[in-house]
Chemist: 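Just dropping this structure here.
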Amino acid sequence: MPMIERKHMRRVSPLAVVFGVVLLFAAYNLLRMVVHHMSPNLGAAVTNGLGMSDPITQLPGETKRGLRYHVAVTATDAPYSQWQCRIMYYWYKKVKDMPGSDMGKFTRILHSGSADNLMEEIPSFVVDPLPEGLDRGYIVLNRPWAFVQWLESATIEEEYILMAEPDHIFVKSLPNLAKGGHPAGYPFFYIKPADNEKIIRKFYPKEKGPVTDVDPIGNSPVIIHKSILEEIAPTWMNVSLRMKDDPETDKAFGWVLEMYAYAVASALHKVKHILRKDFMLQPPWDLEVGKSFIIHYTYGCDYSMKGELTYGKIGEWRFDKRSYLSGPPPRNLSLPPPGVPESVVQLVKMVNEATANIPSGLEERPYGDLTAKQEAQAAQ
């Protein structure tokens, strides 16, 4: 490190120091004015000079109230989707007004095309499914199309949106993790754009930028400014359909195809996400709840009575949402045996609390039998 020579330094007068501070303050305010009049996407490009995103960048008129986000979850009218939405909504209501929360209103975006028996219990907005046969049995393709319709037709008071899923449980109050033009997302270990560059380049050509522009995320959980999502959503829908139409891509990406489509669509719009590992945890792989905000119970939890994980083999004790395709889980599920990770214990306790307190009781809802098509949709 070079030495700082002092022999030629002169004493600076206090007046000069004051004058310099005034100039610096004026320059800072000018910069803030420029940032506040930039569009969300331009704001995302502002850096602190070290190549890092500037966390103080805000959008025009952004205040604490403006940081509120709308919780939006896409769903079907199948019993499998319904009971998960009811549990999710129970925990949303419980944590919504806790200290540190930026949660606004809640909407279940129902893409079955008609109202169901939960309309009075959960705030819902009915949209159309994709035309018959277009999803090719991959029900998740309806998610981007559902968001496109909702954004175009609904009145959304909040400036931000949290895209969530029915199998999310809020562990604690969730602040707005986004920073102005930078949405916040969760980095999934199995979304690997660089490892799939050959396929990614079909939809994100080299002239658009390096493959590292594509974040290792899906659309959920993501907190994003409404204006940015309005730009991304149609592209997300179109990229999803194009990926499904391409046999190589469909085979390679499988059930996470729509997640890759969202990541590519974001890159096409030059949107980079703040990656937050504490956004969510996924039992049984994440052993502790820690500081995470959401439990995502997409994986089955199978254990021996000694508390040993038997993943891939049905355990002596288990909790797997797919065990309840035709109806909700019963009240008061048995807790895991000793030795099972805290994350799994917390999950079951939270499911039990919800089922014990939801109006009428989950098991008392008359759902009827699932059709073969509903079974296939629920499994996905």
Chemist: Is there a donor-acceptor pair under 3.5 Å between the side chain of Thr310 and the backbone N or O of Ser304?
Modeler: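 No, because the side chain of Thr310 does not come within donor-acceptor range (under 3.5 Å) of the backbone of Ser304.
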Chemist: Between Ile169 and Val351, does a side-chain contact (heavy atoms from CB on, under 4.5 Å) hold up when you go through it step by step?
Modeler: CA-CA 9 Å; Ile169 291 178; Val351 169; 4.1 Å; yes
Chemist: Taking side-chain hydrogen bond (donor to acceptor under 3.5 Å, both in side chains) as the definition, give me every residue that meets it alongside Asn196, ordered by chain and number, with sequence neighbours left out.
Modeler: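 side-chain hydrogen bond (donor to acceptor under 3.5 Å, both in side chains) list for Asn196, sorted by chain: Tyr260.
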Chemist: Got a sec: does the NZ of Lys192 have more than 12 other heavy atoms crowding it under 6.0 Å?
Modeler: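 Count not over threshold, so no.
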Chemist: Please examine the side chains of Met103 and Val95, heavy atoms only from C-beta on, and report whether any two atoms are closer than 4.5 Å.
Modeler: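 When only atoms from C-beta onward are counted, Met103 and Val95 do touch, with a gap below 4.5 Å.
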Chemist: Could you check whether atom CD of Glu342 has more than 12 heavy atoms from other residues, nucleotides or ligands sitting under 6.0 Å from it?
Modeler: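 Enclosed.
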Chemist: Hey, are Arg201 and Glu197 close enough for a salt bridge, meaning a charged N less than 4.0 Å from a carboxylate O?
Modeler: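 Between Glu197 and Arg201 there is a salt bridge, with a charged N closer than 4.0 Å to a carboxylate O.
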Chemist: Could you check whether any side-chain heavy atom of Tyr92 comes within less than 4.5 Å of a side-chain heavy atom of Val71, counting everything from C-beta outward?
Modeler: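 SC-SC contact between Tyr92 and Val71 confirmed.
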Chemist: Please indicate whether Lys208 has more than 12 foreign heavy atoms, meaning atoms of other residues, nucleotides or ligands, lying under 6.0 Å from its NZ.
Modeler: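 Not buried by this count: 12 neighbours or fewer within 6.0 Å.
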Chemist: Under the 3.5 angstrom rule, does the side chain of Glu121 hit a backbone N or O of Arg86 as a donor-acceptor pair?
Modeler: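 No; zero donor-acceptor contacts below 3.5 Å.
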Chemist: If I take atom CG from residue Leu174 and atom CE from residue Met98, how far apart are they, to the nearest 0.5 angstrom?
Modeler: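 Answer for the CG-CE pair, Leu174 versus Met98, is 12.5 Å.
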Chemist: Regarding Arg68 and Glu159, does a basic nitrogen lie under 4.0 Å from an acidic carboxylate oxygen?
Modeler: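 A salt bridge is absent here (no side-chain N lies under 4.0 Å from a carboxylate O).
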Chemist: Does Thr107 reach the main-chain N or O of Ser124 with its side chain, forming a donor-acceptor pair under 3.5 Å?
Modeler: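 No.
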Chemist: Can a salt bridge be assigned to the pair Lys272 and Asp215 using a cut-off of 4.0 Å between side-chain N and carboxylate O?
Modeler: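 Yes, Lys272 and Asp215 are salt-bridged.
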Chemist: Evaluate the side-chain proximity of Ile224 to Tyr69: yes if any heavy-atom separation is below 4.5 Å, no if none is.
Modeler: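 No; the side chains remain at least 4.5 Å from each other.
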Chemist: Sub-3.5 Å donor-acceptor pair from the side chain of Ser101 to the main-chain atoms of Asp97, do we have one?
Modeler: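 Side chain of Ser101 to backbone of Asp97: no pair is present.
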Chemist: Donor-acceptor pair, distance only, cut-off 3.5 Å: does the side chain of His269 make one with the backbone of Val271?
Modeler: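 Not at all, since once roles are kept as given, no pair shorter than 3.5 Å links the two residues.
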Chemist: Identify whether the distance between the nearest side-chain nitrogen and carboxylate oxygen of Lys226 and Glu158 falls below 4.0 Å.
Modeler: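 No, no charged N to carboxylate O under 4.0 Å.
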Chemist: Taking atom CG of Leu347 and atom NZ of Lys321, what is their separation to the nearest 0.5 Å?
Modeler: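 Answer rounded to 0.5 Å: 11.0 Å.
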Chemist: To check you understand the geometry: which heavy-atom pair defines the closest contact between Ala178 and Ile223, and what is its length?
Modeler: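 Minimum heavy-atom separation between Ala178 and Ile223: CB-O, 3.6 Å.
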Chemist: Following the transitive rule for hydrophobic clusters with a side-chain heavy-atom cut-off under 4.5 Å over Ile, Leu, Val, Met, Phe, Trp and Tyr, establish whether Leu309 and Leu281 coincide in one cluster.
Modeler: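 Looking at the clustering, Leu281 is in the same group as Leu309.
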Chemist: Using every non-hydrogen atom in the two residues, find where Ile191 and Pro216 come nearest and quote the distance to one decimal.
Modeler: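 Where Ile191 meets Pro216 most closely, the heavy atoms are O-CB, 3.3 Å.
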Chemist: Would you name the heavy atoms of Ala72 and Phe147 that are closest together and state the gap between them?
Modeler: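 What the structure gives for the nearest pair is CB-CE2, 3.9 Å.
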Chemist: What do the steps show when you test Tyr299 against Gln282 for side-chain contact (heavy atoms from CB on, under 4.5 Å), and what is the final call?
Modeler: CA-CA 7 Å; Tyr299 294 104; Gln282 302 186 95; 3.9 Å; yes
Chemist: Look up atom CE in Met243 and atom CD in Glu248, then write down how far apart they are to the nearest 0.5 Å.
Modeler: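 So the CE of Met243 and the CD of Glu248 are separated by 11.5 Å.
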Chemist: Closest heavy-atom contact between Phe125 and Ala154?
Modeler: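 Heavy atoms of Phe125 and Ala154 come nearest at CE1-CB, 3.7 Å.
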Chemist: Please report the closest heavy-atom contact between Met350 and Trp91, naming both atoms and the distance.
Modeler: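 So the minimum-distance heavy-atom pair works out to O-NE1, 3.0 Å.
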Chemist: Does Ser153 use its side chain to pair, donor to acceptor, with the backbone of Trp150 at less than 3.5 Å?
Modeler: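 Not at all, since once roles are kept as given, no pair shorter than 3.5 Å links the two residues.
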Chemist: Can you confirm whether Arg108 sits close enough to Met119 that some side-chain heavy atom of one is under 4.5 Å from a side-chain heavy atom of the other?
Modeler: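 Arg108 vs Met119: side chains touch.
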Chemist: Could you check Val340 against Glu308 for side-chain contact (heavy atoms from CB on, under 4.5 Å), going step by step and ending with a plain yes or no?
Modeler: CA-CA 7 Å; Val340 171; Glu308 299 167 336; over 6 Å; no
Chemist: Could you verify whether a donor N or O on one side chain and an acceptor N or O on the other, from Thr74 and His111, lie under 3.5 Å apart?
Modeler: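 No, because no side-chain N or O of Thr74 sits under 3.5 Å from a partner of the opposite role on His111.
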Chemist: Less than 6.0 Å separating the ring centroids of Trp285 and Phe189?
Modeler: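 Between Trp285 and Phe189, the centre distance exceeds or equals 6.0 Å.
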Chemist: Taking only Lys NZ, Arg NE, NH1 and NH2, and the carboxylate oxygens of Asp or Glu, determine whether Glu316 and Lys306 approach each other closer than 4.0 Å.
Modeler: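 Salt bridge absent between Glu316 and Lys306.
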Chemist: Measure from the side-chain N and O atoms of Ser81 to the backbone N and O of Ala75, and report whether any donor-acceptor pair falls under 3.5 Å.
Modeler: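 No, because the side chain of Ser81 does not come within donor-acceptor range (under 3.5 Å) of the backbone of Ala75.
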Chemist: Quick check: does any side chain N or O of Trp317 sit under 3.5 Å from a backbone N or O of Ser334, one acting as donor and the other as acceptor?
Modeler: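 The answer is yes, because a donor-acceptor pair under 3.5 Å joins these two groups.
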Chemist: Before giving the answer on side-chain contact (heavy atoms from CB on, under 4.5 Å), spell out for Ser323 and Arg318 the whole-Å C-alpha distance, their side-chain angles and the decisive distance to 0.1 Å.
Modeler: CA-CA 9 Å; Ser323 298; Arg318 77 181 322 229; 3.3 Å; yes
Chemist: Determine whether Leu110 and Ile161 fall in the same hydrophobic cluster, where Ile, Leu, Val, Met, Phe, Trp and Tyr are linked whenever their side-chain heavy atoms lie under 4.5 Å apart.
Modeler: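 Different hydrophobic clusters.
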Chemist: Nearest 0.5 Å please: distance from the NZ atom of Lys179 over to the CG atom of Asn176.
Modeler: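 Taking NZ in Lys179 and CG in Asn176, the distance rounds to 8.0 Å.
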Chemist: Could you label the plane-to-plane angle of the His168 and His296 rings as parallel, tilted or perpendicular, counting under 30° as parallel and over 60° as perpendicular?
Modeler: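 The arrangement is perpendicular - the two ring planes meet at more than 60°.
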Chemist: Answer with yes or no whether the hydrophobic clustering places Leu333 together with Val345; edges join I, L, V, M, F, W, Y residues whose side-chain heavy atoms lie under 4.5 Å apart.
Modeler: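 Per the 4.5 Å side-chain linkage, Leu333 and Val345 are not co-clustered.
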Chemist: For the NZ atom on Lys96, are there more than 12 heavy atoms of other groups (residues, nucleotides or ligands in this structure) within a distance under 6.0 Å?
Modeler: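 It does: Lys96 NZ has more than 12 such atoms within range.
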Chemist: Identify the heavy atoms of Gly315 and Asp302 that sit nearest to each other, and give their distance.
Modeler: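 Smallest heavy-atom distance, with atoms named: N-OD1, 2.9 Å.
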Chemist: How long is the straight-line distance from CG of Asp245 back to CG of Leu134, given to the nearest 0.5 Å?
Modeler: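 Leu134 atom CG to Asp245 atom CG measures 7.5 Å (nearest 0.5 Å).
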Chemist: Hey, would you say the His273 and Tyr262 ring centroids sit under 6.0 Å apart?
Modeler: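 Centroid distance His273-Tyr262: below 6.0 Å, so yes.
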Chemist: Determine whether Leu130 and Tyr138 make a side-chain contact, defined as any pair of heavy atoms from C-beta on separated by less than 4.5 Å.
Modeler: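 Counting from C-beta outward, Leu130 and Tyr138 never come under 4.5 Å.
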Chemist: Heavy atoms, side chains only, cut-off 4.5 Å: are Thr235 and Asn238 in contact?
Modeler: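 With C-beta onward as the side chain, the pair stays apart.
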Chemist: Any side-chain donor paired with an acceptor under 3.5 Å for Tyr90 and Glu353?
Modeler: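 Yes, side-chain donor-acceptor contact under 3.5 Å.
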Chemist: Could you note down all residue pairs passing salt bridge (charged side-chain N to carboxylate O under 4.0 Å, His left out) where residues 275-286 supplies at least one of them, sequence neighbours left out?
Modeler: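 Counting only pairs at least two positions apart or across chains, the salt bridge (charged side-chain N to carboxylate O under 4.0 Å, His left out) contacts touching residues 275-286 are Arg276-Asp278.
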Chemist: Answer yes if Leu162 and Tyr89 sit in the same cluster of Ile, Leu, Val, Met, Phe, Trp and Tyr residues linked by side chain heavy atoms under 4.5 Å apart, and no otherwise.
Modeler: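 Leu162 and Tyr89: one cluster.
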Chemist: Would the distance check show the side chain of Thr76 and the main-chain N or O of Ala78 forming a donor-acceptor pair, the cut-off being under 3.5 Å?
Modeler: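 Yes, Thr76 side chain to Ala78 backbone: donor-acceptor pair under 3.5 Å.
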Chemist: Any link between Tyr190 and Val264 through a network of hydrophobic side chains (Ile, Leu, Val, Met, Phe, Trp, Tyr) touching at under 4.5 Å?
Modeler: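 Per the 4.5 Å side-chain linkage, Tyr190 and Val264 are co-clustered.
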Chemist: Can you tell me how far the OG1 atom of Thr249 sits from the NZ atom of Lys198, to the nearest 0.5 Å?
Modeler: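 Answer for the OG1-NZ pair, Thr249 versus Lys198, is 10.0 Å.
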Chemist: Decide, yes or no, whether a salt bridge links Arg143 with Glu258 under the criterion of side-chain N to carboxylate O below 4.0 Å.
Modeler: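 So Arg143 pairs with Glu258 through a salt bridge.
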Chemist: For Asp250, enumerate each residue passing the side-chain hydrogen bond (donor to acceptor under 3.5 Å, both in side chains) test, keeping only those at least two apart in sequence or located in another chain.
Modeler: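 With neighbours one apart ignored, the set is Lys244.
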Chemist: If we ignore hydrogens and angles and just use 3.5 Å, is the side chain of Trp145 paired with the main-chain N or O of Met237 as donor and acceptor?
Modeler: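 Flag not set: sc Trp145 to bb Met237 has no pair under 3.5 Å.
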Chemist: Using a strict 4.0 Å threshold on nitrogen-to-oxygen distance, state whether Lys202 and Asp246 make a salt bridge.
Modeler: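 Salt bridge between Lys202 and Asp246, a charged N being under 4.0 Å from a carboxylate O: yes.
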Chemist: Does any part of the side chain of Tyr324, heavy atoms only, come nearer than 4.5 Å to the side chain of Tyr80, both counted from C-beta?
Modeler: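 Contact flag for Tyr80/Tyr324 side chains = no.
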Chemist: May I ask you to check whether Asp116 and Gln82 show a side-chain donor-acceptor distance below 3.5 Å?
Modeler: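 Yes - a donor-acceptor pair under 3.5 Å links their side chains.
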